[in-house]
Asker: 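Dumping the structure here so I can ask a few things about it.
Please read all numbers here as calculations on a predicted model, not as lab measurements.
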Amino acid sequence: MEDLVAWINSPNTFELSPPIRAGIAMWQLLTIHPYMDGNGRTARMIATYLLRRGGFGLKSLFVLENFYDRNLNEYYKALQMGLSHNYYFGRHNADITQWLEYFLNGLAEVYTQAASIVQEKNSELLKVEPELIRKLDIEQRQVLRELVFKQEMLTITELVILLRKSEKTIREKVKRWIQDGFLEPKDPDAQRIRTVILTQWYDELAGDIRKEPERFAYLLGKNES
């Protein structure tokens with residue numbers, strides 16, 4: 001187990017793609033089998049953690065347990081690979097290509113299903129989503145959310161912190177958003193933009209959202225875990 005933990009945290013290990021890293025870690029823990037009970041749950045939890053850490057997290061859309069429960073025989077067959085149960089009788093230095101192929105094919109299936117769910121939900125939202133919101137990208141939606149429920153105006157510095165971008169990048173975005181009719185300077189006569197507010201159209205929309213927040217829960221992040 002000490003060697004496994006050291007391998008997971010090794011800089012060389014991080015050169016592997018996250019799915020490969022997660023698959024190897026899962027197989028190794030199950031092979032070592034350090035606990036009397038709960039090895040499978042622990043291994044799948046670690047694999048899920050490594051996937052999320054590597055940018056492959058899908059929150060509630062992605063549950064390893066569900067995939068393996070569909071066909072436990074195939075799962076155990078891929079884990080065993082015809083090897084002895086004794087760790088030092090071939091399992092300590094085994095070629096785990098067969099397991100990794102099974103693990104990666106499972107991920108591909110789950111991620112394909114997740115993509116279908118996202119596309120379906122997105123289509124449902126677009127049917128009822130106001131045109132003004134539909135035009136906004138992810139960062140604009142963050143800004144809108146901030147201006148709807150937290151404050152009436154945003155300074156350039158606050159935008160830098162909110163979007164985690166440089167001031168130069170923020171000023172370029174603000175300039176484009178003003179041209180698009182999303183934001184406008186609080187002081188239109190100022191030589192340099194320091195504070196922005198929503199344009200009239202988006203300000204009216206913000207009022208509607210405040211009246212029916214549940215309708216726009218997806219936009220406001222209330223359904224995020």
Side-chain angles (χ1 to χ4, degrees), residues 17-19 48-64 66 107-225:
S17 68
T48 300
Y49 167 72
L50 291 176
L51 287 168
R52 289 181 178 176
R53 187 176 173 183
F56 284 77
L58 287 177
K59 297 185 180 181
S60 58
L61 291 177
F62 175 67
V63 182
L64 280 174
N66 293 346
L107 288 186
E109 181 177 324
V110 170
Y111 277 82
T112 298
Q113 292 175 348
S116 297
I117 293 173
V118 170
Q119 290 172 353
E120 180 180 346
K121 294 297 182 182
N122 185 57
S123 297
E124 292 175 1
L125 288 174
L126 289 178
K127 292 178 182 178
V128 298
E129 192 172 54
E131 179 66 24
L132 285 174
I133 294 180
R134 201 178 307 173
K135 296 177 180 179
L136 303 181
D137 61 28
I138 294 176
E139 291 180 331
Q140 288 174 305
R141 289 172 184 242
Q142 284 182 266
V143 174
L144 178 64
R145 183 164 58 222
E146 195 77 10
L147 291 172
V148 166
F149 276 109
K150 295 187 177 180
Q151 53 198 95
E152 296 180 355
M153 62 192 76
L154 284 168
T155 65
I156 295 298
T157 300
E158 288 170 334
L159 285 170
V160 167
I161 296 172
L162 176 66
L163 301 180
R164 300 180 181 179
K165 305 288 185 182
S166 69
E167 180 176 339
K168 180 181 178 182
T169 299
I170 290 298
R171 288 193 174 278
E172 290 174 352
K173 287 180 179 293
V174 166
K175 182 178 179 181
R176 185 171 68 252
W177 292 345
I178 289 174
Q179 293 173 345
D180 292 342
F182 173 50
L183 299 176
E184 62 183 34
K186 182 177 181 298
D187 182 359
D189 298 323
Q191 293 184 350
R192 186 174 176 83
I193 298 174
R194 291 184 171 82
T195 306
V196 292
I197 58 176
L198 292 171
T199 59
Q200 178 184 345
W201 300 281
Y202 280 97
D203 189 53
E204 292 174 357
L205 174 62
D208 294 337
I209 293 175
R210 294 186 191 102
K211 294 175 184 177
E212 299 181 274
E214 286 72 24
R215 178 185 169 194
F216 299 92
Y218 71 95
L219 173 67
L220 303 174
K222 293 185 177 181
N223 59 344
E224 293 178 3
S225 59

Asker: Rounded to the nearest 0.5 Å, what separates atom CG in Leu183 from atom OG1 in Thr195?
Answerer: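 Taking CG in Leu183 and OG1 in Thr195, the distance rounds to 11.5 Å.
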Asker: Measuring from Leu205:CG to Leu132:CG, what's the distance to the nearest 0.5 Å?
Answerer: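 Nearest 0.5 Å value for the CG-CG distance: 5.5 Å.
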Asker: Compare every heavy atom of Pro19 with every heavy atom of Leu107, then report the nearest pair and how far apart it is.
Answerer: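 Smallest heavy-atom distance, with atoms named: CD1-CB, 3.8 Å.
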Asker: Taking the side chain as everything from C-beta on, heavy atoms only, tell me whether Ser166 gets closer than 4.5 Å to Val160.
Answerer: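 Not touching, per the 4.5 Å side-chain cut-off.
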Asker: Can you name the closest pair of heavy atoms from Gly181 and Thr199 and give their distance?
Answerer: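 Closest heavy-atom pair between Gly181 and Thr199: O-OG1, 2.8 Å.
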Asker: With sequence neighbours left out, write down each residue that passes side-chain hydrogen bond (donor to acceptor under 3.5 Å, both in side chains) with Gln151, or none if nothing qualifies.
Answerer: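 Residues passing side-chain hydrogen bond (donor to acceptor under 3.5 Å, both in side chains) with Gln151: Glu158.
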Asker: Rounded to the nearest 0.5 Å, what's the gap from CD1 on Ile156 to CD1 on Ile193? Could you check?
Answerer: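 Separation between the atoms: 6.5 Å.
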Asker: To the nearest 0.5 angstrom, please state how far the CH2 atom of Trp201 sits from the CZ atom of Phe182.
Answerer: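 One gets 13.5 Å once the value is rounded to the nearest 0.5 Å.
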Asker: Going by side-chain hydrogen bond (donor to acceptor under 3.5 Å, both in side chains), name the pairs with one or both residues in residues 172-181, residues two or more places apart or in two chains.
Answerer: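 Passing the test, one end in residues 172-181: Glu139-Lys173.
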Asker: Which heavy-atom pair separates Ala206 from Leu198 by the least distance, and what is that distance?
Answerer: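 Result for this residue pair: CB-CD1, 4.0 Å.
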Asker: So for atom CZ, which belongs to Arg210, do other residues, nucleotides or ligands contribute more than 12 heavy atoms lying within a distance under 6.0 Å?
Answerer: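 Enclosed.
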Asker: Under a 3.5 Å cutoff, is there a donor and acceptor pairing between the side chains of Glu204 and Gln200?
Answerer: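 Checked: Glu204/Gln200 side chains pair up, N/O donor to acceptor below 3.5 Å.
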Asker: Any heavy-atom pair between the side chains of Glu212 and Asp208 that's under 4.5 Å?
Answerer: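 Side-chain contact under 4.5 Å: no.
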Asker: State whether the side chain of Thr112 and the backbone N or O of Ala108 hold a donor-acceptor pair below 3.5 Å, judged by distance alone.
Answerer: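 Yes.
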Asker: A side-chain contact here means heavy atoms from C-beta on lying under 4.5 Å apart; do Arg171 and Arg192 qualify?
Answerer: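 A side-chain contact under 4.5 Å exists here.
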Asker: Run Glu167 and Arg194 through salt bridge (charged side-chain N to carboxylate O under 4.0 Å, His left out) and show every step you take.
Answerer: CA-CA 11 Å; Glu167 180 176 339; Arg194 291 184 171 82; over 6 Å; no
Asker: Distance from Arg164 atom CZ to Gln142 atom CD, nearest 0.5 Å?
Answerer: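 Here the rounded value is 9.0 Å.
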Asker: Which heavy atom in Gly57 sits nearest to a heavy atom in Tyr111, and how many Å separate them?
Answerer: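 So the minimum-distance heavy-atom pair works out to N-OH, 4.4 Å.
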Asker: Name the one of Ile133, Leu136, Leu147, Ile197 that satisfies side-chain contact (heavy atoms from CB on, under 4.5 Å) with Tyr202?
Answerer: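 Result: among Ile133, Leu136, Leu147, Ile197, Leu136 is the only option passing the side-chain contact (heavy atoms from CB on, under 4.5 Å) with Tyr202.
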Asker: CD/Gln140 to CG/Asp137 distance, rounded to the nearest 0.5 angstrom?
Answerer: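 Taking CD in Gln140 and CG in Asp137, the distance rounds to 4.0 Å.
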